[in-house]
Participant: 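Got a structure for you, written out below as structure tokens; questions coming shortly.
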Amino acid sequence: AQSVTQLDSHVSVSEGTPVLLRCNYSSSYSPSLFWYVQHPNKGLQLLLKYTSAATLVKGINGFEAEFKKSETSFHLTKPSAHMSDAAEYFCVEYNFNKFYFGSGTKLNVKP
Amino acid sequence: GAGVSQSPSNKVTEKGKDVELRCDPISGHTALYWYRQRLGQGLEFLIYFQGNSAPDKSGLPSDRFSAERTGESVSTLTIQRTQQEDSAVYLCASSLVETQYFGPGTRLLVL
């Protein structure tokens, strides 16, 4: 069965420093992969998606993610964290009409 | 255009009562998903509708949960004889191909 693993449940960074949120997927096929962000008491917002085109995907708010098939990874990065980035982030795999969610990573940004 | 809408935004009910949650998907989206998100946890898949096909009910936690969808439009999620453990945010998402768009959710509190 497909599974998505977000390696860190919590990540804490200082404002202005880089962000790395890690995600590994399990599919042996080429899946579609997504990152969503959820701010407190808000719905999920699509950050970016990978659908077998360029392996480096740029999203909104300066985020990007790189698809690495050899590592089955799709890590989310941002060069410089902003206070408004504090939220929960979900990595999602889409395969055979189903979506598989990671358990989420809470990002804390310190001033 | 309009996004996914859900109603009510908040619902407080007494244990043992039935509740109905509504989702209006984006017009033209053939797929509709329901998820449950308990406090501090990730998303739990409940049910998936795709066009006129039989729904995938594999995520429904018990027979107290049911959902309907009229064609490719509105969907209702019904929880009968609510229990305190049903307290959660219920999220609806719709999609045309592989990208899901989420509604703001219904926050259900069972007293």
Side-chain angles (χ1 to χ4, degrees), chain A residues 1-10 21-25 27 29-53 57 59-60 65 67 74 86-108, chain B residues 2-11 21-26 29-60 88-109:
Chain A
Q2 256 76 17
S3 67
V4 175
T5 304
Q6 290 184 240
L7 295 145
D8 307 292
S9 58
H10 290 81
L21 305 183
R22 298 182 294 166
C23 171
N24 285 96
Y25 65 93
S27 175
Y29 301 99
S30 286
S32 294
L33 296 163
F34 306 81
W35 277 98
Y36 283 86
V37 60
Q38 186 178 33
H39 286 93
N41 301 314
K42 303 277 187 186
L44 275 78
Q45 179 185 16
L46 179 67
L47 268 183
L48 50 81
K49 67 177 181 181
Y50 166 78
T51 54
S52 74
V57 181
I60 61 171
F67 173 74
F74 190 57
E88 187 160 19
Y89 293 78
F90 292 94
C91 181
V92 184
E93 176 183 345
Y94 174 77
N95 229 328
F96 302 112
N97 294 329
K98 278 201 166 179
F99 290 88
Y100 301 88
F101 281 76
S103 54
T105 298
K106 287 189 172 68
L107 176 65
N108 178 45
Chain B
V4 178
S5 61
Q6 292 185 245
S7 60
S9 53
N10 291 280
K11 176 74 176 178
L21 312 180
R22 178 187 168 107
C23 172
D24 282 276
I26 293 172
H29 280 193
T30 54
L32 188 148
Y33 302 77
W34 282 99
Y35 296 90
R36 178 169 69 179
Q37 186 177 28
R38 289 193 166 118
L39 188 64
Q41 298 187 19
L43 270 70
E44 179 185 357
F45 166 76
L46 296 177
I47 188 168
Y48 158 56
F49 297 89
Q50 174 64 58
N52 294 319
S53 303
D56 177 351
K57 303 179 183 180
S58 59
L60 295 178
V89 176
Y90 290 82
L91 290 164
C92 173
S94 71
S95 72
L96 183 57
V97 188
E98 79 276 337
T99 301
Q100 287 184 310
Y101 296 88
F102 283 84
T106 293
R107 190 173 302 273
L108 175 66
L109 178 61

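In what follows, chains carry the letters A, B, and so on, assigned in the order in which the sequence lines appear, proteins first and then strands, with residues in each chain numbered from 1.
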Participant: Any non-hydrogen side-chain atom of B/Leu43 less than 4.5 Å from a side-chain atom of A/Leu44?
Facilitator: yes
Participant: Quick check for you: among B/Arg107, B/Gln6, B/Glu44, which has the greatest number of heavy-atom pairs under 4.5 Å with chain A?
Facilitator: B/Arg107
Participant: Only pairs of heavy atoms separated by less than 4.5 Å count here; which of B/Tyr48, B/Tyr101, B/Phe102 has the most with chain A?
Facilitator: B/Phe102
Participant: Anything in residues 30-39 of chain B with a heavy-atom distance to chain A below 4.5 Å? Please list those residues in order.
Facilitator: B/Tyr33, B/Tyr35, B/Gln37
Participant: So for A/Ser32, is it side chain, backbone, both, or neither that comes closer than 4.5 Å to the heavy atoms of chain B?
Facilitator: side chain
Participant: Could you look at B/Ser58 and say if it's the side chain, the backbone, both or neither that has a heavy atom under 4.5 Å from chain A?
Facilitator: side chain
Participant: Counting only non-hydrogen atoms closer than 4.5 Å, does A/Gln6 touch chain B with its backbone (N, CA, C, O), its side chain (CB onward), both, or neither?
Facilitator: neither
Participant: To the closest 0.5 Å, what do you measure between OG (B/Ser95) and CZ (A/Phe99)?
Facilitator: 5.0 Å
Participant: Would you give the length of the straight line joining atom CD of B/Gln100 to atom NZ of A/Lys49, rounded to the nearest 0.5 angstrom?
Facilitator: 11.5 Å
Participant: When only pairs under 4.5 Å are counted, which of B/Val97, B/Asp56, B/Val89 shares the most heavy-atom pairs with chain A?
Facilitator: B/Asp56
Participant: How close do B/Thr99 and A/Phe34 get, heavy atom to heavy atom, and via which atoms?
Facilitator: OG1-CE2, 3.6 Å
Participant: Under 4.5 Å heavy-atom distance to chain B, tell me which part of A/Ser9 shows up: side chain, backbone, both or neither.
Facilitator: neither
